[in-house]
There are 2 protein chains.
Amino acid sequence: MKIGELAKATDTQVETIRYYERIGLLSAPGRSAANYRIYDPSHRSRLSFIRHSRQLGFTIDDIRSLLDLADHPERDCAEADNITTRHLGQVEAKISHLTRLRDELVRVSGRCRGGLSSDCQVIETLADHGHCTAKHE
Amino acid sequence: MKIGELAKATDTQVETIRYYERIGLLSAPGRSAANYRIYDPSHRSRLSFIRHSRQLGFTIDDIRSLLDLADHPERDCAEADNITTRHLGQVEAKISHLTRLRDELVRVSGRCRGGLSSDCQVIETLADHGHCTAKHE
DNA sequence: GCTTGACCCTGTAGCAGCTACAGGGTGCAT
DNA sequence: ATGCACCCTGTAGCTGCTACAGGGTCAAGC
Ligand SMILES: [Zn+2]
Ligand SMILES: [Zn+2]
Ligand SMILES: [Zn+2]
Ligand SMILES: [Zn+2]
């Protein structure tokens with residue numbers, strides 16, 4: 001299949017596919033006489049794996065390792081678990097960071113009573129962290 | 001004060017300060033005979049405003065508007081509220097996205113029983129979204 | 001046979017928000 | 001005089017794409 005068909009089949013942009021090839025994440029396929037990329041089903045499943053992993057938030061580097069593991073069935077899968085657990089930890093850290101952020105923003109935006117910019121408590125709070133209740137790491 | 005002192009005073013990297021100047025977020029200060037940047041207290045409070053806003057997750061563009069408003073005390077502060085509310089909405093959207101992600105990751109990583117890569121349910125799930133319970137937009 | 005349009009190619013630059021040099025100058029202490 | 005900390009400019013890198021510009025290819029319809 002040509003790149004456009006693969007793109008549709010995997011719900012990926014054509015340029016993203018070429019990008020993955022450029023960075024060595026997706027192996028270079030054969031070419032037609034007109035120099036068009038011609039993919040086979042193995043490319044398709046590999047790209048699906050990549051896209052699905054991306055949707056789950058794994059980095060390109062994580063995906064490289066995961067693909068490597070998928071290519072070596074005889075290896076121990078501990079690394080896959082490590083990667084997933086570490087990623088999960090990062091997601092949880094982000095959630096808690098954003099949650100604290102949200103609480104602060106709710107508080108800040110609740111202080112605006114309308115009126116002149118000079119009296120606005122939103123702007124006042126941005127100018128002076130003393131108005132905040134928590135640190136923001 | 002010189003750039004290094006301003007950096008310490010506002011807990012900002014020197015290079016970040018120069019970056020803000022380059023993109024026109026922080027106005028260019030005067031220079032010493034040796035061509036060193038010399039800042040005054042107004043630069044300091046402006047930079048504090050910027051850093052605090054960044055810590056609260058506002059984009060550079062948002063901060064431009066907020067600074068503009070802070071510079072014009074006679075204006076209506078509605079825009080500050082708009083920006084904050086919109087930003088809050090985006091933070092909430094991110095939280096809910098990450099929360100769904102986390103739930104899926106917990107489920108996925110819980111399926112790994114150790115052993116060979118060929119039997120690993122983590123890798124199996126990445127290869128086939130059919131094992132997932134939800135969509136991932 | 002000639003045009004139109006949809007596809008394909010390469011290569012490069014842009015997004016956000018910094019961060020990290022390289023390669024040089026300045027200021028003060030020992 | 002020499003060392004060291006600091007400052008300068010300019011440019012390139014990070015992540016994960018996305019968006020061209022400027023060209024080639026192929027099938028359909030006239
Ligand atoms: Zn207000
Ligand atoms: Zn604060
Ligand atoms: Zn496993
Ligand atoms: Zn899935």
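Chain identifiers are assigned alphabetically (A, B, ...) following the order of the sequence lines, protein sequences preceding nucleic acid strands; residue numbering begins at 1 within each chain.
Going from atom CD1 of B/Ile38 over to atom P of D/dC6 covers 15 Å, rounded to whole Å. Rounded to whole angstrom, the span from the CG atom of B/Asn35 across to the P atom of C/dT26 amounts to 9 Å. With rounding to whole Å, A/Glu21 atom CD is found 11 Å from C/dC9 atom C1'. Atom CD1 in A/Ile3 sits about 14 Å away from atom C1' in D/dT18, given to the nearest Å. Atom OH of A/Tyr36 is separated from atom P of D/dG23 by 16 Å (rounded to the nearest Å). Rounded to a whole Å, the CD1 atom of A/Ile23 is 9 Å from the P atom of D/dT15. If you take NZ of B/Lys8 and P of D/dC7, they are 8 Å apart, rounded to a whole angstrom.
Using modelled atom types, one side-chain atom of A/Arg54 and one backbone atom of A/Phe58 make a donor-acceptor pair closer than 3.5 Å. At distances below 3.5 Å, not a single donor-acceptor pair connects side-chain atoms of B/Thr125 with backbone N or O atoms of B/His131. Remark: side-chain polar atoms of B/Thr16 are not paired, donor with acceptor, to backbone N or O of B/Thr12 under 3.5 angstrom. A donor-acceptor contact shorter than 3.5 Å links the side chain of B/Glu104 to the backbone of B/Thr133. For B/His87 (side chain) and B/Leu56 (main-chain N/O), a donor-acceptor pair under 3.5 Å exists by modelled atom type.
Defined by atom type and a distance below 3.5 Å, a donor-acceptor pair is present between the side-chain atoms of A/Tyr20 and A/Arg51. Between the side chains of A/Asp61 and A/Thr59, no donor-acceptor pair is found at a separation under 3.5 Å.
With rounding to the nearest 0.5 Å, the separation of CD in A/Glu15 from CZ in A/Arg22 is 9.0 Å.
Here A/Arg37 does not reach the OP1 or OP2 of C/dC8: none of its side-chain N or O atoms lies under 4.0 Å away. Of the side-chain N and O atoms in A/Arg31, none sit less than 4.0 angstrom from OP1 or OP2 of D/dT25.
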### Task
Report, as a single string ordered 5' to 3', how protein heavy atoms within less than 4.0 Å touch nucleotides 11-23 of chain C: B base, S sugar-phosphate only, - not at all.
------BBBBB--
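The aromatic rings of B/His52 and A/His136 are tilted relative to each other, their planes meeting at an angle between 30° and 60°.
The rotation axes computed at either terminus of the helix from C/dG1-D/dC30 to C/dT30-D/dA1 lie 30° apart, taking five pairs at each end and rounding to 10 degrees.
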